[in-house]
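Quick notes on the structure that follows.
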Amino acid sequence: EHPEVAKDLVNLGNAFCDQSQHSEAVPLYLRALAIDQAALGDDHPHTVASLSNLATVYEAMGQKERARAMQSLVGQMKRNWEAKQKRLRR
């Protein structure tokens with residue numbers, strides 16, 4: 001699927017979160033993450049944002065350990081992306 005679909009899914013998930021319907025947002029964020037990973041790669045900023053959204057919703061649902069693990073992964077993914085970009089600029 002196209003990354004634009006992932007963007008739409010994230011927007012819909014955000015709307016659910018704005019209404020405190022976090023459990024409705026989870027499958028949307030999961031699907032967006034899968035699309036971004038397949039289309040853009042694991043370390044792309046859109047993929048990282050999708051995982052971060054998922055971590056945030058898990059935090060809001062009280063799943064603190066799951067959220068912390070995902071945020072740790074988000075940090076690693078950001079560092080990987082920055083390292084790749086740095087190598088490309090050389």
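K64 NZ: more than 12 foreign heavy atoms inside a 6.0 Å radius.
Between H44 and D36 the shortest side-chain heavy-atom distance does not fall below 4.5 Å. For the pair L28 and V10, the minimum side-chain heavy-atom distance is 4.5 Å or more.
Minimum interatomic distance between G13 and A25 (heavy atoms only, all atoms of both residues): O-CB, 3.5 Å. Contact detail for S23 and P27: the closest heavy-atom pair is O-CD, 3.3 Å.
If you take OG on S20 and CE on M61, they are separated by 12.0 Å, rounding to the nearest 0.5 Å. Atom-to-atom distance recorded for I35:CD1 and H2:NE2 is 11.0 Å, nearest 0.5 angstrom. Atom CG of L40 sits about 8.5 Å away from atom OG of S50, to the nearest 0.5 Å. Here H22 contributes atom NE2 and E59 contributes atom CD; the two are 10.5 Å apart, rounded to the nearest 0.5 Å. Atom-to-atom distance recorded for L54:CG and L30:CG is 5.0 Å, nearest 0.5 angstrom. Between atom CE of residue M70 and atom CD of residue Q63 there is a gap of 8.5 Å, rounded to the nearest 0.5 Å.
Between the side chain of S52 and the main chain of V48, no donor-acceptor pair closer than 3.5 Å is present. Of the possible donor and acceptor atoms, one in the side chain of T47 sits under 3.5 Å from a partner among the backbone N and O of G41. Put simply, the side chain of Y29 gets close to the backbone of N14: a donor and an acceptor are under 3.5 Å apart.
When the side chains of ILVMFWY residues are joined at heavy-atom separations under 4.5 Å, either directly or via intervening members, V26 and L51 end up in a single hydrophobic cluster.
Using a cut-off of 4.0 Å between Lys/Arg side-chain N and Asp/Glu carboxylate O, R79 and E82 are scored as not salt-bridged.
Of the N and O atoms on the side chains of Y58 and N53, not one donor lies less than 3.5 Å from an acceptor on the other residue. R68 and Q71 share no donor-acceptor pair across their side chains, judged by distance under 3.5 Å alone.
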Review point. Between E1 and R31, does a side chain to side chain contact (heavy atoms under 4.5 Å, CB included) hold up when you go through it step by step?
Key: CA-CA 10 Å; E1 288 179 80; R31 186 162 170 223; 2.7 Å; yes
